Amino acid sequence: MYVKKLFTLVFIQKENQILLGLKKRGFGMNKWNGFGGKVEPNETIIDAAVRELKEECCLIVKPGDLKNIAHIEFTFEGQPTLMDVRVFSTNIFEGTPQETEEMKPKWYDNDGVPFEDMWLDDKLWFPYLLQGKSFFGHFHYEGFDKILNYKIEEQVSM
Ligand SMILES: Nc1nc(SCCc2ccccc2)c2[nH]cnc2n1
């Protein structure tokens, strides 16, 4: 029986580039990732996504401009937590990405994503993200550096 915890993950995209942030502390520290975090009890998932993006790199997006492109679940052998991550993307945003205490932002070419410094699973589902295909994924980890099993299923539309 898992204890489900809800998280957001936002990817800002340009023509052939994607904005990633180097996590400077906490869960996933020293890995490049999208922007996000825990959904608080008093907010919607979308509001959490907008809030975390602003907190982590000072970009402003409108809730209506965020497209839910994926639902990814992470479980870890021997742990009761199921991380329920709602992934959003948009190419409509205001501001210039700024470094914060949480994240150091950097634009990457779509064909130059630093998978060697990201979560192991990311290289498995980034192709769907970069091609704008919606998907469901579940990744079951042993520790943080080994995927025991996973599934990815394209979804017609979320
Ligand atoms: N890309 C990616 N992201 C996460 S956690 C994303 C959600 C999150 C959680 C806590 C703080 C900020 C953001 C992953 N976990 C395992 N593989 C993973 N891949």
Side-chain angles (χ1 to χ4, degrees), residues 2-13 17-59 61 66-90 97-110 112-155 158:
Y2 286 116
V3 178
K4 231 183 228 195
K5 292 185 178 171
L6 211 42
F7 296 89
T8 63
L9 194 58
V10 174
F11 290 96
I12 303 292
Q13 296 181 275
Q17 290 190 309
I18 189 162
L19 185 69
L20 299 176
L22 183 65
K23 194 85 173 358
K24 296 165 60 175
R25 63 187 183 189
F27 188 79
M29 187 167 121
N30 292 331
K31 293 185 197 302
W32 293 94
N33 204 349
F35 302 88
K38 259 178 27 190
V39 178
E40 300 302 338
N42 62 331
E43 64 184 350
T44 67
I45 296 171
I46 291 271
D47 289 342
V50 170
R51 173 182 57 77
E52 286 283 358
L53 182 71
K54 182 170 185 279
E55 286 174 3
E56 294 189 343
C57 72
C58 309
L59 286 187
V61 295
L66 282 178
K67 183 185 176 202
N68 178 208
I69 54 110
H71 175 187
I72 310 178
E73 295 179 340
F74 299 106
T75 49
F76 302 87
E77 191 73 9
Q79 302 290 323
T81 306
L82 183 148
M83 296 180 70
D84 178 340
V85 182
R86 305 305 168 99
V87 185
F88 299 89
S89 70
T90 185
Q98 307 293 321
E99 182 169 354
T100 63
E101 289 179 353
E102 197 75 25
M103 293 285 242
K104 182 172 78 171
K106 181 176 176 180
W107 288 103
Y108 281 94
D109 291 343
N110 288 347
V113 173
F115 291 117
E116 66 283 359
D117 293 318
M118 296 169 73
W119 284 95
L120 278 183
D121 52 281
D122 291 20
K123 71 175 78 64
L124 299 169
W125 53 263
F126 248 67
Y128 292 84
L129 169 69
L130 296 178
Q131 291 167 52
K133 291 178 178 171
S134 296
F135 66 94
F136 172 80
H138 184 114
F139 299 86
H140 183 64
Y141 271 84
E142 182 173 65
F144 294 129
D145 299 315
K146 186 178 177 186
I147 295 172
L148 291 179
N149 57 73
Y150 74 94
K151 70 176 176 183
I152 301 176
E153 295 156 358
E154 188 174 344
Q155 306 286 311
M158 289 209 149

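Along the sequence shown, residues carry numbers from 1. Each ligand, and each atom within it, is numbered from 1 in the order the structure gives. The model shown is predicted, which means the values in this text are computed figures rather than measured ones.
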Show the atoms of ligand 1 that are less than 4.0 angstrom away from any heavy atom in [X].
| X | value |
| --- | --- |
| Gly36 | 12 (C), 13 (C) |
| Trp125 | 1 (N) |
| Tyr141 | 17 (N) |
| Asp121 | 16 (C), 17 (N), 18 (C), 19 (N) |

* Side chain proximity check, Asn33 to Phe11, heavy atoms < 4.5 angstrom ->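 Counting from C-beta outward, Asn33 and Phe11 do come under 4.5 Å.
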* Would you give the length of the straight line joining atom OH of Tyr2 to atom OG1 of Thr75, rounded to the nearest 0.5 angstrom? => 4.0 Å
* Rounded to the nearest 0.5 Å, how far apart are NE2 of His140 and CD of Gln79? ->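 Atom-to-atom, His140:NE2 and Gln79:CD are 10.0 Å apart.
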* Neighbour count >12 (heavy atoms, 6.0 Å) for atom NZ, Lys31 -> yes
Which residue and non-hydrogen atom of the protein lie closest to [atom], and at what distance in Å?
| atom | answer |
| --- | --- |
| atom 8 (C) of ligand 1 | Phe7 CD2, 4.1 Å |
| atom 3 (N) of ligand 1 | Asn33 ND2, 3.0 Å |
| atom 18 (C) of ligand 1 | Trp119 CG, 3.2 Å |
| atom 19 (N) of ligand 1 | Asp122 OD1, 3.0 Å |
| atom 11 (C) of ligand 1 | Gly37 CA, 4.0 Å |

* Asked: Can you tell me if Gly28 has a non-hydrogen atom under 4.0 Å from ligand 1?
  -> no
* **Min heavy-atom dist Met83 to ligand 1 below 4.0 Å** =>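 Met83 counts as a contact of ligand 1 under the 4.0 Å cut-off.
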For the pair [X] (side chain) and [Y] (backbone), establish whether a donor and an acceptor sit closer than 3.5 Å, ignoring hydrogens and angles.
| X | Y | value |
| --- | --- | --- |
| Lys24 | Thr100 | yes |
| Asn30 | Leu22 | no |
| Glu52 | Ala48 | no |

* To do: Return the orientation label for the Trp32 and Tyr108 ring planes: parallel under 30°, perpendicular over 60°, tilted otherwise.
  => perpendicular
* For ligand 1, find out whether one of its N or O atoms is nearer than 3.5 Å to an N or O atom of Lys23. =>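 By distance alone, the answer is no.
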